[in-house]
Protein chains: 2
Amino acid sequence: MPVTIKDVARLAGVSPATVSLVLSNKGQVSEDTKRRVLEAVQKLGYRPNVLAQNLVKGRTNTVLLCAFIREDRKLSTFYGELINSLLTAISLSGYYLQMVVKGEFFNGHPLDKREALLEIAKNRLFEGLVLLSHWPVQYAEVSDLVREKFPFVVVNQRVEGEGISYVDIDHYGGAKKAVEYLVHQGHVRIAHIRGPREHRHAEERYRAYLDALVEHGIPVRREYILEGDFRRLSGRRAMEELLAVRPLPTAVFCANDKMAIGALQVAKERGIRVHEDLTIFGFDGIEAVKYTDPPIPTVEQPLGELGKMAAEILVKQIQGGEGKRVILGCNLLLWDGFLVKGDGKGEKTQEGGRLR
Amino acid sequence: MPVTIKDVARLAGVSPATVSLVLSNKGQVSEDTKRRVLEAVQKLGYRPNVLAQNLVKGRTNTVLLCAFIREDRKLSTFYGELINSLLTAISLSGYYLQMVVKGEFFNGHPLDKREALLEIAKNRLFEGLVLLSHWPVQYAEVSDLVREKFPFVVVNQRVEGEGISYVDIDHYGGAKKAVEYLVHQGHVRIAHIRGPREHRHAEERYRAYLDALVEHGIPVRREYILEGDFRRLSGRRAMEELLAVRPLPTAVFCANDKMAIGALQVAKERGIRVHEDLTIFGFDGIEAVKYTDPPIPTVEQPLGELGKMAAEILVKQIQGGEGKRVILGCNLLLWDGFLVKGDGKGEKTQEGGRLR
DNA sequence: GTTTCAAGCTAAAACGTTTTAAGGAGTTTT
DNA sequence: AAAACTCCTTAAAACGTTTTAGCTTGAAAC
């Protein structure tokens with residue numbers, strides 16, 4: 001039923017080969033023949049079957065974004081911007097993007113990630129793979145891809161080992177910047193609401209907190225370190241605990257913005273003048289911190305950069321180039337009334353909340 | 001270089017046809033042969049070339065999400081949740097999702113949407129299309145798809161005409177709910193910060209505002225109607241203007257949350273006790289309204305439902321069923337201290353900001 | 001009047017599968 | 001012993017392209 005190249009050839013009185021040549025502007029075809037072919041194409045409304053083209057060319061111009069995410073989390077919440085920039089950058093390079101989300105389980109069994117990835121590499125549908133994972137990626141899970149020389153890049157995780165490209169964010173550096181900023185502001189009693197222990201990023205931010213204090217000769221106090229689960233409510237609970245500690249801290253560095261928001265709410269309920277008596281600092285750069293009252297200074301994750309860089313690294317590999325490992329630095333996102341006293345690099349002040 | 005079905009056949013000492021039969025569990029094959037084939041598959045690490053499978057089967061199990069969005073807007077900002085639910089629902093139905101974003105222009109010329117869509121329908125790469133557009137969709141732009149009987153569904157816009165499926169949100173109904181809620185709360189002097197005139201959704205929300213007032217016998221006052229551009233800053237400006245009007249309104253219904261946030265900021269700066277002296281109401285249900293102080297009640301767009309429904313409608317068409325048109329209702333998102341006095345249906349109170 | 005050359009076109013193979021009709025080898029029925 | 005049936009297997013066509021080597025044809029060169 002659909003019109004094929006043969007139909008066009010017949011109508012134009014030429015062979016399919018000629019039609020193909022005309023359409024791809026190859027070989028030498030007389031002007032007259034060209035015209036006849038083009039007319040036939042027009043009249044029949046012919047479009048090449050891309051499937052067939054792909055098969056014979058062995059290329060699909062398509063890459064896959066494979067996201068391994070816990071079933072209860074949404075891809076959008078955090079990675080919307082990442083996807084956005086990835087899509088843009090990939091398109092600009094002439095590739096298409098297909099997406100698939102996989103959870104921890106498949107048919108009730110733990111998902112065999114290795115198997116799933118190998119499948120992707122071998123089914124010839126994709127020319128490259130962007131691997132996004134909420135939890136750490138093991139070398140063994142991707143070693144097949146390396147062996148097959150299949151172009152891929154891991155995003156938001158680091159995987160050491162021969163032949164693996166990744167692009168990740170410098171959580172340690174970002175957190176350190178934040179704490180050092182607080183130190184330079186004159187804070188000495190700095191508390192930390194950390195994220196879950198099993199979370200690598202939480203761990204890095206926590207290490208940075210410790211290191212920053214130690215390096216500045218500030219004693220680490222056990223009572224100033226609370227643990228949350230990255231959700232707002234746990235930030236509330238932690239802050240409530242913290243407010244029972246004496247002497248009170250003058251600043252709290254929270255491992256993410258959601259918990260910082262919870263902490264802010266509690267502090268305000270207790271009548272504390274936030275940022276005057278107690279500074280609250282977040283991490284992530286989600287939209288909402290701009291509109292709390294007062295806005296919450298935070299460490300901004302360069303999610304847009306992340307996607308762009310991932311695309312760049314992947315495309316380079318597809319086109320035969322070398323892979324690459326990149327760690328992206330974070331900027332501090334500060335607000336009116338926060339003087340930048342850090343190294344002066346990286347910080348930026350955005351338009352945004354100007355409450356009070 | 002890649003191992004094909006022929007390699008497997010040779011190693012197993014059978015014909016390619018037999019290998020295919022074994023792998024797809026069709027026809028009758030002796031246990032012994034099955035075992036030999038499976039062993040060969042295993043040993044060679046063979047995976048079928050899906051491209052070839054697709055070509056011969058004429059199916060790809062893939063649908064395309066085509067988003068027409070202004071270049072300066074991000075897909076993620078608003079549609080993250082939509083994409084998320086669409087992806088989930090589509091996967092559950094056994095299809096893959098590919099995404100492409102197109103702007104208003106292509107190669108410097110206005111994009112020929114009709115042409116772009118026809119291309120998609122005919123290149124045989126996709127079995128269906130989800131069409132997401134920021135601006136209205138014309139019948140003529142999709143009539144080719146209808147003629148080709150290509151399964152598609154328009155999301156977030158309504159297109160009347162034979163054979164067109166869409167799923168849209170009831171902006172009029174949502175806005176009306178909001179204004180009626182305010183009326184039932186006893187408000188009479190209700191202002192409206194509307195969205196841009198050329199924006200269909202803004203227009204609908206505006207109409208609902210007018211109708212709600214009229215139906216409740218409340219005079220419409222010209223000075224109470226301001227126009228913004230959906231951005232926060234325009235909400236600020238509008239509120240500043242509004243505060244010069246006498247008598248002051250006791251409530252402001254904003255056409256979206258961003259402007260509501262701007263309005264809230266100004267009101268607070270002027271020392272107005274928001275929600276006591278002046279109620280501010282938003283529209284959209286973005287995350288940030290939960291964390292402003294006070295939180296802003298709003299009309300929640302069922303973006304998740306939107307994606308799910310789109311998937312459902314599309315898949316049904318692909319599988320030979322009929323298309324469908326659906327308008328999804330909105331719920332009010334209210335906060336502590338807001339008593340629900342509406343019709344009691346649809347409203348829901350979410351966990352969230354509890355400031356003050 | 002051959003030979004040479006270029007221009008224009010095409011036949012056929014290739015890409016890697018699936019599917020179908022038919023073939024061969026036993027086994028059972030008549 | 002022929003006929004009928006079952007099982008198992010496969011040859012070959014089909015899917016719709018691209019690509020390459022080679023074939024015509026006519027003109028230019030000798």
Side-chain angles (χ1 to χ4, degrees), chain A residues 1-41 44-62 119-127 148, chain B residues 1-41 44-62 119-127 148:
Chain A
M1 198 61 207
V3 23
T4 74
I5 201 171
K6 288 183 190 167
D7 300 320
V8 176
R10 199 173 312 123
L11 181 58
V14 297
S15 75
T18 304
V19 177
S20 176
L21 259 14
V22 170
L23 258 25
S24 55
N25 256 325
K26 282 181 190 162
Q28 14 203 22
V29 184
S30 72
E31 285 307 317
D32 185 58
T33 306
K34 261 185 193 162
R35 191 183 43 71
R36 289 210 321 281
V37 168
L38 260 12
E39 273 175 19
V41 166
L44 297 177
Y46 166 76
R47 314 275 162 145
N49 179 326
V50 180
L51 237 47
Q53 288 182 324
N54 287 347
L55 177 59
V56 60
K57 290 193 187 156
R59 304 198 46 195
T60 61
N61 297 311
T62 305
E119 168 66 27
I120 290 163
K122 294 201 128 187
N123 69 15
R124 301 273 130 194
L125 232 27
F126 309 105
E127 298 191 34
E148 299 286 333
Chain B
M1 197 62 206
V3 23
T4 73
I5 202 171
K6 287 182 191 170
D7 301 318
V8 175
R10 199 173 313 124
L11 181 60
V14 297
S15 74
T18 303
V19 177
S20 176
L21 259 15
V22 170
L23 257 26
S24 55
N25 254 325
K26 283 180 188 163
Q28 14 201 22
V29 183
S30 71
E31 285 307 317
D32 185 55
T33 306
K34 260 186 197 162
R35 191 182 43 70
R36 288 210 324 280
V37 168
L38 260 12
E39 273 175 17
V41 165
L44 296 178
Y46 166 76
R47 314 275 162 145
N49 180 325
V50 180
L51 238 47
Q53 288 183 324
N54 287 347
L55 178 59
V56 59
K57 290 192 186 156
R59 302 197 49 193
T60 62
N61 298 311
T62 305
E119 167 65 27
I120 290 163
K122 294 200 127 188
N123 69 16
R124 301 273 130 194
L125 232 28
F126 308 106
E127 297 192 35
E148 298 287 332

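None of these values were measured; they are calculated from a predicted model.
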Item to check | Salt-bridge present (R35(B), E31(B); N to O < 4.0 Å) | outcome: no
For [X] and [N], what is the distance between atoms [atom1] and [atom2] respectively, to the nearest whole Å?
{"X": "L51(B)", "N": "dG16(C)", "atom1": "CG", "atom2": "P", "value": "10 Å"}
{"X": "L125(B)", "N": "dG16(D)", "atom1": "CG", "atom2": "P", "value": "14 Å"}
{"X": "L55(B)", "N": "dA14(D)", "atom1": "CG", "atom2": "P", "value": "14 Å"}
{"X": "N25(A)", "N": "dG8(C)", "atom1": "CG", "atom2": "P", "value": "14 Å"}
{"X": "R124(A)", "N": "dG16(C)", "atom1": "CZ", "atom2": "C1'", "value": "11 Å"}
{"X": "L44(B)", "N": "dG16(C)", "atom1": "CG", "atom2": "P", "value": "15 Å"}
{"X": "R10(A)", "N": "dT17(D)", "atom1": "CZ", "atom2": "C1'", "value": "15 Å"}
{"X": "N54(B)", "N": "dC15(C)", "atom1": "CG", "atom2": "P", "value": "19 Å"}

Mind checking if [X] touches a base, just sugar-phosphate, or nothing, with heavy atoms under 4.0 Å?
{"X": "V29(B)", "result": "sugar-phosphate"}
{"X": "T18(B)", "result": "base"}
{"X": "Q28(B)", "result": "base"}
{"X": "R59(B)", "result": "nothing"}
{"X": "L21(A)", "result": "base"}
{"X": "S24(A)", "result": "nothing"}
{"X": "V50(A)", "result": "nothing"}
{"X": "S20(B)", "result": "base"}

Next on the checklist: I want to confirm an ordering. Mapping K34(B) and A52(B) to their closest nucleotides on DNA chain D, which one lands closer to the 5' end?
Outcome noted: K34(B)
Next on the checklist: From the set dT10(C), dT17(C), dA12(D), return the single nucleotide nearest to any side-chain atom of A17(B).
Outcome noted: dA12(D)
When you check the phosphate oxygens OP1 and OP2 of [N], does a side-chain N or O of [X] lie under 4.0 Å from one of them?
{"X": "S30(B)", "N": "dT9(D)", "result": "yes"}
{"X": "K57(A)", "N": "dT17(D)", "result": "no"}
{"X": "K26(B)", "N": "dT19(C)", "result": "yes"}

Checklist entry - For R124(B), does the CZ atom have more than 12 heavy-atom neighbours from other residues, nucleotides or ligands under 6.0 Å away? => result no
For residues [X] and [Y], report the shortest heavy-atom separation together with the two atoms involved.
{"X": "L125(A)", "Y": "T60(A)", "value": "O-OG1, 2.9 Å"}
{"X": "I5(A)", "Y": "Y46(A)", "value": "N-CE1, 3.5 Å"}
{"X": "G13(A)", "Y": "R36(A)", "value": "O-NH2, 4.1 Å"}

Checklist entry - Within the side chain of D7(B), is there an N or O that forms a donor-acceptor pair under 3.5 Å with the backbone of T4(B)? => result yes
